[in-house]
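Notes to accompany the following structure.
When a ligand or atom number is given, it counts from 1 through the structure's own listing order.
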Amino acid sequence: MTEENRRELTDAELGMGRSIPRRDFLNGAAMTIGSALLPGKLQAGKTGADEAQTHSGYNPPVSTGLRGSHPGSFEIAHSLRDGTFWKGAAAPEQLTEKYDLIIVGGGISGLAAAHFYRERAGKSAKILILENHDDFGGHAKRNEFHFGGKLQLLNGGTMLIDSPTAYSAEAAGLMQKLGIDPVALNKKCSDPGLYSSLGLGTGVFFDQETFGTDRLVAGLAAGEEENSGGAVASAKLEAFLTRTPLSEVVRRDILRIEQAQIDYLPGLTSAEKKDRLSRISYREFLLDIAKVDPALIAFYQTRTNGEWGVGIDAEPALDCWAIGLPGFQGLQLETGSAPHMSYSAAGYANGGSARFHFPDGNASIARLLVRLLIPSAVPGNSVEDVVTAPVHFERLDADVSPVRIRLNSTVVRVRNVGNGNVTPAVEVTYVSGKQLFSLRASACVLACWNMTIPYLCPDLPEKQKDALHYLVKVPLVYASVGLRNWTAFQKLGISNIHAPGAYWNSASLNWSVNIGDYHSPRSPEEAILLHMSRAPCKPGLPAREQHRAGRMELLVTPFELFERKIRDQLSRTLAAGGFDAARDIEAITVNRWPHGYGYEYNPLFDPEWPAGQAPHIVGRKRFGRIAIANSDSGATAYTDVAMDQAYRAIDELLSLNS
Ligand SMILES: Cc1cc2nc3c(=O)[nH]c(=O)nc-3n(C[C@H](O)[C@H](O)[C@H](O)COP(=O)(O)OP(=O)(O)OC[C@H]3O[C@@H](n4cnc5c(N)ncnc54)[C@H](O)[C@@H]3O)c2cc1C
């Protein structure tokens, strides 16, 4: 098939009918939920414990189809938001279980909160973690595949240890306790040179809808990571551009933006330039200051999608300079952060943290935390063996254990109770299976998404609820696609693909990491996982509006559409390498994150609040015996921040007793 006469591929040609496991039984449809209509798949036992997690073979990471915020995990929370949950709900059954601490949310922040509490209150402290998903870890989710008996892993969410700032003493201390030394692990286990040693590098897929023709152009740069963002190596660029479908004038402008040493803001000091760049988008910088041809924008539009979930229309030029986008090399900007930058950009401008990618991303950190809290649930004793260690889900909620993790349990109400002669406590109400349960603890940490807290705690002051509502999480989708082999990639000379105009923004062969008994594929004949990502943003709107619109898009997108878009895009990109979607795709897991990255203030759209008045600070204020953690409370989306916020929340609660 030539580029000029491309026709839509049929479902059969794409392999849509092929039997791969699909799991989309609820399809994200909005449900009207009263007590009689809670999702019936999961069962709660008489004690409120989730029975599903005790069944033999329960192992959510191997599920394919729709993961991330999977069907069954969010419908109750949505009915609470819509005001329909309590209509006709039966009275909760009071459980006699007693806890020192109940934690809402089993992500890194909730798990870290349990650890910090035990460190100070003692190992016998009784802690219950309630989590609405079928797995622990929150965004740090593991996708697990077995091809021909060989284990292959990918991150379903949190990709790697990597933060704009060095880990704090508390977060670094916890990492050390878990045995994680990112620098040493990276040196020992990462194999970043595998693909380039095979002659594979970065390619760009120009799609017909955006660029007038479908064309994959390889040879942009050697490298293995998606969204590397940086300026393109000069030697290869000219040759690359001549093969693209871009016009002569756009090619010339790209060369200028990538390579020319031009000061587009003459006469200003570095500080003045930085200030100016912090107040305009990168798109405006390119169009109005660097005066590029408007058709060039499509080439760079999605370069910031992976970092911030929106394109260059909604990201400050200065932030784009900090993550290495081109055009600034002649401006002589002094290194380091400046006022009026986002948290991420300012941090990366100052150097960032150490980096390491576990094969399942930071899900390994979640597993190590669970091992620390409930040793029998994750056997083993090293940071390397955790990658292949089985998780005994049935041991997570055992009554013999001081720490219990109850999955598939959505908390719907949290309130301070007790005064006068009654000891102050917190009453927590949650749904498991079709039933409502209530129980009490001395204190509670809400390590869940901050914007859900006003619905869980309607008694909060209005000002605090408004602040919590301000934080709009960033929607994202990560797909893990199992491929029979990667010979097409080898023939085409690519290991990762930017697709600036297409549905999926990028596609990358899995990171090559060898750790413990886990070994990444080395031969193109072997099966492999492909990581694809999409930020469902709506260019032109303010950032938070883009996030809201993208979230709605994700909630109504069925698995079949994600699947078709994967098959179609890979076919169009890789056909010249002999790729056949119907034959070569073995499995698909789509990790849908309508509530993804914690909201990070965007200097283009958010005001500069007076000290202490930023919404995340107002929103995270302790309320009686209820403290608030989660990376949202740090107004950004990083693993270390989730740990830091857990530490702060526990400190607030324990200082009540001192
Ligand atoms: C796609 C993606 C990629 C990322 N990549 C990186 C990366 O490479 N490096 C990095 O450092 N950070 C990354 N992050 C950010 C990082 O994952 C988060 O900052 C961190 O894991 C958040 O942990 P948390 O515990 O605060 O929140 P979460 O992981 O969101 O955990 C909170 C949990 O609470 C649950 N919950 C919510 N409401 C309720 C309720 N009512 N009842 C019970 N449970 C509830 C949620 O479902 C969730 O499981 C990424 C995030 C995403 C979405």
Close approach of Ser163 to ligand 1, heavy atoms, under 4.0 angstrom: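 No, Ser163 has no heavy atoms under 4.0 Å from ligand 1.
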Could you check whether any heavy atom of Gly157 sits closer than 4.0 Å to an atom of ligand 1, since that is the contact criterion I want to use?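 The answer is yes: ligand 1 sits under 4.0 Å from a heavy atom of Gly157.
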Of Ser344, Ser163, Ser353, which is the lone residue that meets side chain to side chain donor-acceptor pair (under 3.5 Å) with Tyr638?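 The single option meeting the side chain to side chain donor-acceptor pair (under 3.5 Å) with Tyr638 is Ser344.
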Below 3.5 Å, N or O to N or O, backbone or side chain included: is there any such pair between [X] and ligand 1?
X: Thr639; result: yes
X: Ser631; result: yes
X: Ser109; result: yes
X: Thr410; result: no
X: Trp449; result: yes
X: Asn630; result: yes
X: Tyr638; result: yes
X: Gly106; result: no
X: Leu456; result: no

Using a 6.0 Å distance limit plus a 45 degree cone around the ring axis, check whether Arg81 lies over the aromatic ring of Phe74.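 Relative to the ring axis of Phe74, which defines the angle, Arg81 lies outside at least one limit.
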I need the full list of ring-ring contact (aromatic ring centres under 6.0 Å, His included) pairs touching residues 345-374, with sequence neighbours left out, sorted by first then second residue.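 Checked against ring-ring contact (aromatic ring centres under 6.0 Å, His included) - neighbours excluded - the pairs reaching residues 345-374 are Phe356-Phe358, His357-Trp511.
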In ligand 1, which numbered atoms sit nearer than 4.0 Å to a non-hydrogen atom of Gly596?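 In order of numbering, the contacting atoms are 53 (C).
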Answer yes when Arg406 and Asp50 have at least one side-chain N-carboxylate O distance shorter than 4.0 Å, and no when they do not.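 Between Asp50 and Arg406 there is no salt bridge, as every charged N stays at least 4.0 Å from the carboxylate O atoms.
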Is there a donor-acceptor contact under 3.5 Å from the side chain of Ser109 to the main chain of Asn630?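 Yes, because the side chain of Ser109 sits within donor-acceptor range (under 3.5 Å) of the backbone of Asn630.
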Selected option - heavy-atom contact closest to atom 31 (O) of ligand 1, from Ser409, Ser353, Gly107: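 It is Gly107 whose heavy atom sits nearest to atom 31 (O) of ligand 1.
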Only heavy atoms count here, so choose which of Leu476, Thr158, Asn362 is nearest to atom 17 (O) of ligand 1.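 Going through Leu476, Thr158, Asn362 one by one, Thr158 has the nearest heavy atom to atom 17 (O) of ligand 1.
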